[in-house]
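The structure under discussion appears below in the form of structure tokens.
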Amino acid sequence: MEIAVKIINEVKKGLEELYGQQVSDNLVQLQETRPEFEGQLTLVVFPLLKMSHKKPEDTAQDVGQYLVSKVPDVISKFNVIKGFLNLTISSAQWIELLQSIQQDDSFGFIPVTDKSPLVMIEYSSPNTNKPLHLGHVRNNLLGWALANVMQANGNKVVKTNIVNDRGIHICKSMLAWLKYGNGETPESSGKKGDHLIGDYYVAFDKHYREQVKELVAQGMDEDVAKNEAPLMKEAHAMLVKWEQNDPEVRALWHKMNEWVYEGFDETYKALGVSFDKIYYESNTYLEGKEKVEEGLKKGLFYRREDGSVWADLTKEGLDEKLLLRSDGTSVYMTQDIGTAKLRFQDYPIDKMIYVVGNEQNYHFQVLSILLDKLGFKWGKDLVHFSYGMVELPNGKMKSREGTVVDADDLIATMISNARQMSKDKVNKLENITETEAQEIARIVGMGALKYFILKVDARKNMLFNPEESIDFNGNTGPFIQYTYARIRSILRKATESGIIVPEKLPTDTELNDKEIALIQHLQGFAAAVSQAGVDYNPSCIANYCYELVKEYNQFYHDFSVLREEDEKKRFIRLSLSAAVSQVIKNGMGLLGIEVPERM
RNA sequence: GGUUCGGUAGCUCAGUUGGAUUAGAGCAGCAGCCUUCUAAGCUGCGGGUCAAGGGUUCGAGCCCCUUCCGAAUCACCA
């Protein structure tokens, strides 16, 4: 049992005995003691004054004396400062706690059972007309980490992806490929499939602009010209053919989408993310129409004279929202309703989480209301896990201005920079093969990227500075990985020199402040995990790991583990190191960050 | 204009359900520390009106109100 829980129970008993009243949990506030005072845990007595009818100091004195006399093996000392009762926990208690943490591989995780709620998490959601970029990277990393955190909190998790594989955008790429491609394929060009398609999307845009410019030069209004340009007309014609199931268009669409998927798979693999179930918009966009018609019959929506269908959300404080165009085709919202329908058929979903950028906050506000009206039980409290934009030092990331950072380029750069960094450290990585060195570079490079992005509160817009992210000093992934590798090295050396830590640690050893601080901090891992689940913010975990590592580094520089002469002390320090490394591994694992055995 | 979200050190960010005279890290700057279990590290110094004002109470960076600044969104785009 956690020490804090034990103490809270004792305090409650004590209060009852001292003041003759039952106390609710929220009145017993226990927190870590500030470093400048003696003790490790502090009871805040202010909330108890109404019951004791005494001064804060006297109340604290009462409780302190009670604890020391009643449970001397837990609380060895206490002191009172104003309304704060500082408690000193006995070493034996800390050692027992350490032991229990160390023996539990999945410390801090709640096991998933048959009765656990099922949480579906949608993330990634790429378009099939261009490669993934930095914004997608944040999305994927957050989605993956969130899925891990939810699972660690005892939920069944289904990771899902909705691929936006239809629409005018993909027609643009297809058309450009037909016109300017000369039959180019990923094999013939050596390009990754998604990049190849992306290039044709850019080519379309280039030629299209030229056409518009020309038309404007001939005296046409720009807005008219944008619709009248032959390329745009052709693209629209192609979309119509696609919707009519034209075999040729469909065959081309299939072929080109396959190229893109192969490219995406490579990127996903490099990022270390995966999905349990992938939905394609081409399969779901018609489903939504049915639901909308259904809602129309029930009187939830209404039809305008031109035939378009709308939802009136003015009662909910929102606007009216279009659900079907006047020509009967579906819009974005309709598709999301359709996807929801299919998902609900496939899984007994208790909670749905959408990982989507904050530019779509309004969309999800509306979607939640619509799904609720349509009778989806999880619709009302669906979660839009909204994250901020990634900005670059020279301004916003805009694909039009060419300031977009490609995901594959970024990954490659991170890894090669990590490789360069370790090469510069002459004394490191000796006796290591080239493939091992490359693998370490991959782990470290990806760790730097992932940690840099995940440590920031998801809701906030963040600044991605490519140069800074590669700096391995400070609050970075490699700093944490490095500490892990060092601990593993100590443990290896301990085994080599025949030091075997006994099953049961000796509890009659006095601990110093730094050792206690570390054990105390380790205990906080469980809290960080549940906090991350409640807040839906994996950054809690990242910051927890960093704090732990900082604390361990101080410990590391002050004490010698292997050279410690007192055997009992050595066992405890070794055990402590092992526990720290285990928690780091688990914590980083939640973020999708690997930790190397050596680096 | 409506709605939503942000504003903490020169820069990038933490800050758990409100808690302790002195609000924390990292980077950048300065000064120390490698015969040492991996120095990608550790120690110290300087740097702040927590956007501004008011309120709630024993106590506010955190809760409430007002104002200022920034972002997103308010399409028969996705």
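A note on names: the letters A, B, ... follow the listed sequences, proteins ahead of strands, and every chain is numbered from 1.
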Within this structure, what is the CD1-OG1 distance for the pair A:Ile81 and A:Thr42, rounded to the nearest 0.5 Å? 8.5 Å
Before accepting this row, confirm whether a basic side-chain N of the pair A:Asp566/A:Arg570 lies closer than 4.0 Å to the acidic partner's carboxylate O. no
What's the closest nucleotide to the A:Asp457 side chain, out of B:G41, B:A78, B:A14? B:A14
Shortest side-chain distance from A:Ser422, nucleotide among B:A20, B:A40, B:U12: B:A40
When the P atoms of B:C5 and B:C64 are considered, how many whole Å apart are they? 11 Å
Is A:Arg488 paired with A:Glu597 through a side-chain N to carboxylate O contact shorter than 4.0 Å? yes
Considering only heavy atoms, which members of residues 532-557 of chain A lie under 4.0 Å from some atom of RNA chain B? A:Asn543, A:Tyr546, A:Lys550, A:Asn553, A:Gln554, A:Tyr556, A:His557
Take the protein atom CE of A:Met421 and the nucleotide atom P of B:A40, then report the distance between them rounded to whole Å. 10 Å
d(CD1, A:Ile480; P, B:A25) in whole Å: 16 Å
Would you measure the distance from the C1' atom in B:C62 across to the matching atom in B:G46 and give it in whole Å? 28 Å
By nearest heavy atom, map A:Lys455 and A:Asn473 onto RNA chain B; which one lands nearer the 5' end? A:Lys455
Which of B:C42, B:A14, B:U4 is nearest the side chain of A:Val456? It is B:A14
Syn within 90° of 0, anti beyond: B:C68 is anti
Using atom types as modelled and distance alone, determine if a side-chain donor or acceptor of A:Tyr451 lies under 3.5 Å from a backbone N or O of A:Ala542. yes
If you write RNA chain B from 5' to 3' in dot-bracket form, with Watson-Crick or G-U pairs under 3.5 Å, [ ] for crossing pairs and | for pairs with another strand, what do you get? (((((((..((((.....[....)))).(((((.......))))).....(((((..]....))))))))))))....
Apply side chain to side chain contact (heavy atoms under 4.5 Å, CB included) to the pair A:Glu122 and A:Val356, showing each step before the final yes or no. CA-CA 8 Å; A:Glu122 174 196 294; A:Val356 180; 4.1 Å; yes
Looking at B:C37, B:C13, B:C42, which one has an atom nearest to any side-chain atom of A:Phe479? B:C42
Between atom CD1 in A:Ile470 and atom P in B:C27, what is the gap in whole Å? 17 Å
At under 4.0 Å, does any side-chain N or O of A:Arg325 touch on OP1 or OP2 of B:C77? yes
Can the ring centres of A:Phe84 and A:Phe46 be said to be less than 6.0 Å apart? yes
Sorted by position of nearest nucleotide on RNA chain B, 5' first, the leading residue of A:Asn475 and A:Ile81 is A:Ile81
Can you classify the ring geometry of A:Phe452 versus A:Phe464 as parallel (below 30°), tilted (30 to 60°) or perpendicular (above 60°)? perpendicular
NZ/NE/NH1/NH2 to OD/OE distance under 4.0 Å, A:Glu439 and A:Arg442: yes
Counting only side-chain nitrogens and oxygens, does A:Ser489 get under 4.0 Å of the OP1 or OP2 atom of B:C37? no
Within less than 4.0 Å of OP1 or OP2 of B:A71, is there a side-chain N or O belonging to A:Lys460? no
Apply side-chain hydrogen bond (donor to acceptor under 3.5 Å, both in side chains) to A:Gln360 and list each qualifying residue two or more places apart in sequence or on a separate chain. A:Tyr332
As a test of reading the structure: which of B:U73, B:G19, B:U38 is closest to the side chain of A:Tyr362, going by heavy atoms? B:U73
Using 4.0 Å as the upper bound for N to carboxylate O, is an ion pair formed by A:Lys450 and A:Glu594? no
